[in-house]
Amino acid sequence: MTETRTLHDVKLQNGAAVAETSVEDVFDDTYKMKEGPKPPRMLVWRNIILMTFLHLGALYGLVLLPSASVSTVAWTAVCYLISALGVTAGAHRLWSHRSYKASFPLRVFLALGNSMAFQNDIYEWARDHRVHHKYSETDADPHNATRGFFFSHVGWLMVRKHPDVVEKGKKLELSDLKADKVVMFQRRHYKLSVVMLCFVVPMMVPWYFWGESLVLAYFVPGLLRYAVMLNATWLVNSAAHLYGNRPYDKSINPRENPFVAFSAIGEGFHNYHHTFPFDYATSEFGVKLNITTAFIDLMCFMGLATDPKSVSKEVIMARVKRTGEGSHKSG
Ligand code: ST9
Ligand code: ZN
Ligand code: ZN
């Protein structure tokens, strides 16, 4: 099977099921990293200090967890789920990859969840993520996993970006994001929305509705939930680029990692995802370990989402045969 890739489309030929993207999330193998010494690493102490305090606060949340009421634990899980969906179904599958279409009310819900996740605004997240797919494992990849586990996990948020990230990122097509009123509204009001949704709401609900102590409500559904969700996300960039099988394309680093798929509610099938970035399910196994896919299916059923893109089994199997390492379950 032949395959044609341009910057704006992915079309699989020979009359096989056709999947298309109109976004620049396809790997560009024409980019060559600059020769010579790398630019010096510039530490951003503000971020290092804030990340340290966040993780210390999360540890204290873990200490308090046994004294939390059942309602508070359930509320923490709800906050985890809403914020995770704001990233997976929102910033990732909808806004970075345009793998399905979402109605206005669904986009508002996903943007609120995204602010609760506090992982940069949707525009910045999707811009960094498109450049990650297009220039994966190079200087132009914001969390280039060839720089090691720590850098791709959290280190990249503690240093200035490599100039190639900005240079290549500025050439990306982002007009779809600029045209989305929900995305631009969230960007304009990002700080206030984060304060309210990531910290104030998770803390006030247990205090107001069932009399949980404010301290516990700050540290458990607030900081502990936020830190665990961040680490689950970062594992996609670190562990799922380092550990796991490569059934679809052995020439790339991203891997299939079931543990990451579980904690990141479906985002650990990363060899599949980098091979077919336009598939709304990010996996060929439907809702297995993939709450996000179940959520998008439910939204389609309710008429709030449409046009989920997927890849046919024939195309997947042809790709497995052509570029896989032989670890596919059919093998
Ligand atoms: C966080 C993000 O955690 C996590 C993202 C993870 C992605 C995962 C992907 C995996 C797949 C999906 C899985 C989801 C799983 C979810 C599971 C849930 C359970 N293109 O950035 P600046 C330009 S955030 C084009 O400041 P510095 C641009 O003009 C956590 N242009 O660069 C920009 O200005 P503006 C909380 C670009 O100074 C200007 O440069 N937040 C691009 O080098 C300056 O940009 C933090 O920890 C580009 N790509 O600083 C802090 N990039 O934006 C976050 C930049 O106004 N970040 N430009 O247009 C920072 O403090 C800084 O970005 C920095 C770099 C210090 C890291
Ligand atoms: Zn990746
Ligand atoms: Zn992606």
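Ligands are counted one by one from 1 in listed order, and the atoms in each one are counted from 1 as well. Computation of the quantities below employed the complete heavy-atom set of this structure, encompassing side-chain atoms and omitting hydrogens, waters and symmetry-equivalent molecules. Residue numbers run from 1 in the order of the sequence given.
Remark: among candidates Trp125, Phe118, Trp156, Tyr123, the nearest residue to atom 67 (C) of ligand 1 is Trp156, based on non-hydrogen atoms. The option with the heavy atom closest to atom 50 (O) of ligand 1, from among His97, His143, Arg160, is Arg160. Checking Val131, Thr88, Val44, Asp128 against atom 49 (N) of ligand 1, the nearest heavy atom belongs to Asp128. Taking each of Met42, Gln119, Arg127 in turn, the one with a heavy atom nearest to atom 53 (O) of ligand 1 proves to be Arg127.
Under a 4.0 angstrom heavy-atom cut-off, Val159 registers as being in contact with ligand 1. Residue-ligand proximity: Tyr80 is placed with a non-hydrogen atom under 4.0 Å from ligand 1. In this structure, His133 has no heavy atom closer than 4.0 Å to ligand 1.
Side-chain N/O atoms of Asn144 and Thr146 include a donor and acceptor closer than 3.5 Å. With 3.5 Å as the limit, one finds a donor-acceptor pair spanning the side chains of Thr72 and Trp210. Between Gln119 and Thr233, the side chains place a donor N or O and an acceptor N or O closer than 3.5 Å (distance only, hydrogens not considered).
In summary, the atoms of ligand 1 found under 4.0 Å from a heavy atom of Glu267, numbered by their order in the structure, are 13 (C), 14 (C), 15 (C). Within the listing of ligand 1, atoms 36 (C) sit less than 4.0 angstrom from a heavy atom of Tyr226. Applying the 4.0 Å criterion to heavy atoms of Arg187 picks out, from ligand 1, the atoms 35 (P), 53 (O), 56 (O), 59 (O). Near Ser263, the atoms of ligand 1 lying under 4.0 angstrom from a non-hydrogen atom of the residue are 19 (C). For ligand 1, the atoms lying closer than 4.0 Å to a non-hydrogen atom of Val87 are 14 (C), 16 (C). Remark: ligand 1 atoms within the under-4.0 Å shell around heavy atoms of Val236 are 10 (C), 11 (C), 13 (C). With ligand atoms numbered from 1 in the order given, ligand 1 contributes 11 (C), 12 (C) to contacts under 4.0 Å with heavy atoms of His92. In summary, the atoms of ligand 1 found under 4.0 Å from a heavy atom of Gly169, numbered by their order in the structure, are 20 (N), 25 (C).
Across Ile316, Asp249, Asn271, a single residue satisfies side-chain contact (heavy atoms from CB on, under 4.5 Å) together with Phe276, and that is Ile316. When each of His153, His273, His132 is checked for a ring pair (Phe, Tyr, Trp, His ring centres under 6.0 Å) with His241, only His132 meets the rule. A side chain to side chain donor-acceptor pair (under 3.5 Å) with Glu212 is found for one member of Ser71, Ser67, Ser69 and no other, namely Ser69. Evaluated for a side-chain contact (heavy atoms from CB on, under 4.5 Å) with Trp95, the options Asp176, Leu110, Val23 yield exactly one hit, Leu110.
The number of heavy-atom neighbours closer than 6.0 Å to CZ of Phe219, taken from other residues, nucleotides and ligands shown, is above 12. When the shell of 6.0 Å around CZ of Phe285 is examined, it contains more than 12 heavy atoms from other residues, nucleotides or ligands. For NZ of Lys191, the number of neighbouring non-hydrogen atoms (other residues, nucleotides, ligands) closer than 6.0 Å is 12 at most. By the neighbour-count criterion of 12 heavy atoms within 6.0 Å, atom CZ of Phe259 is sparsely surrounded, having that number or fewer from other residues, nucleotides or ligands. Around atom OH of Tyr60, no more than 12 heavy atoms belonging to other residues, nucleotides or ligands sit under 6.0 Å away. Heavy-atom contacts from other residues, nucleotides or ligands closer than 6.0 Å to OH of Tyr31 number more than 12.
If you check which protein heavy atom lies closest to atom 54 (C) of ligand 1, you get Asn120 OD1, 3.5 Å. Protein heavy atom in closest approach to atom 3 (O) of ligand 1: Trp234 NE1, 2.9 Å. Atom 18 (C) of ligand 1 has as its closest protein heavy atom Thr233 OG1, 3.4 Å.
Using a 4.0 Å threshold on non-hydrogen atoms, atom 56 (O) of ligand 1 counts as touching the protein. Remark: atom 25 (C) of ligand 1 lies closer than 4.0 Å to at least one protein heavy atom. Under the 4.0 Å distance rule, the nearest protein heavy atom to atom 44 (C) of ligand 1 falls outside the cut-off. At a distance under 4.0 Å, a protein heavy atom can be found next to atom 60 (C) of ligand 1.
Contacts with ligand 1 closer than 4.0 Å are made by side-chain heavy atoms of His129 only, the backbone lying farther away. Neither the backbone nor the side chain of Tyr135 has any atom closer than 4.0 Å to an atom of ligand 1 (non-hydrogen atoms only). At a heavy-atom cutoff of 4.0 Å, ligand 1 is contacted by no atom of Leu50, backbone or side chain. Contact annotation: for Lys170 versus ligand 1, heavy atoms closer than 4.0 Å belong to both the backbone and the side chain. At a heavy-atom cutoff of 4.0 Å, ligand 1 is contacted by both the backbone and the side chain of Leu157. If you look at Arg130 next to ligand 1, there are no close heavy atoms at all, none under 4.0 Å. Contacts with ligand 1 closer than 4.0 Å are made by side-chain heavy atoms of Asn47 only, the backbone lying farther away. The side chain of Met51, and not its backbone, has at least one atom closer than 4.0 Å to an atom of ligand 1 (non-hydrogen atoms only; side chain from C-beta on). Under 4.0 angstrom from ligand 1, the non-hydrogen atoms of Lys161 come from both its backbone and its side chain.
Ring centroid separation for the pair Tyr100 and Tyr280 does not come in under the 6.0 Å cut-off. For an aromatic pair to be called close, the ring centres must be under 6.0 Å apart, and His274 with Tyr248 fails this.
Under the 4.0 Å criterion applied to side-chain N and carboxylate O atoms, Arg93 and Glu267 are assigned as salt-bridge partners. Salt-bridge formation is not detected for the pair Asp25/Arg130: no Lys NZ or Arg NE/NH1/NH2 atom is positioned less than 4.0 Å from an Asp or Glu carboxylate oxygen. Between Asp279 and Lys309 there is no salt bridge, since none of the side-chain N atoms of the basic residue sits less than 4.0 Å from a carboxylate O of the acidic one. A salt bridge links Glu284 with Lys313; the closest basic N to acidic carboxylate O contact falls under 4.0 Å.
Residue His270 approaches the Zn ion (ligand 2) most closely through its N/O/S atom NE2.
Ring planes of His133 and His97: perpendicular class, angle over 60° (limits at 30 and 60°).
Here CG of Leu85 is found 10.5 Å from OH of Tyr80. Values are rounded to the nearest 0.5 Å.
Remark: Lys181 fails to qualify as a cation-pi partner of Phe185 under the 6.0 Å distance and 45° angle criteria applied to the six-membered ring.
Close N/O approach between Asn237 and ligand 1 is not found [any backbone or side-chain N/O within under 3.5 Å].
Distances under 2.8 Å from the Zn ion (ligand 3) pick out the protein N/O/S atoms His92 NE2, His97 NE2, His129 NE2, His133 NE2, His273 NE2.
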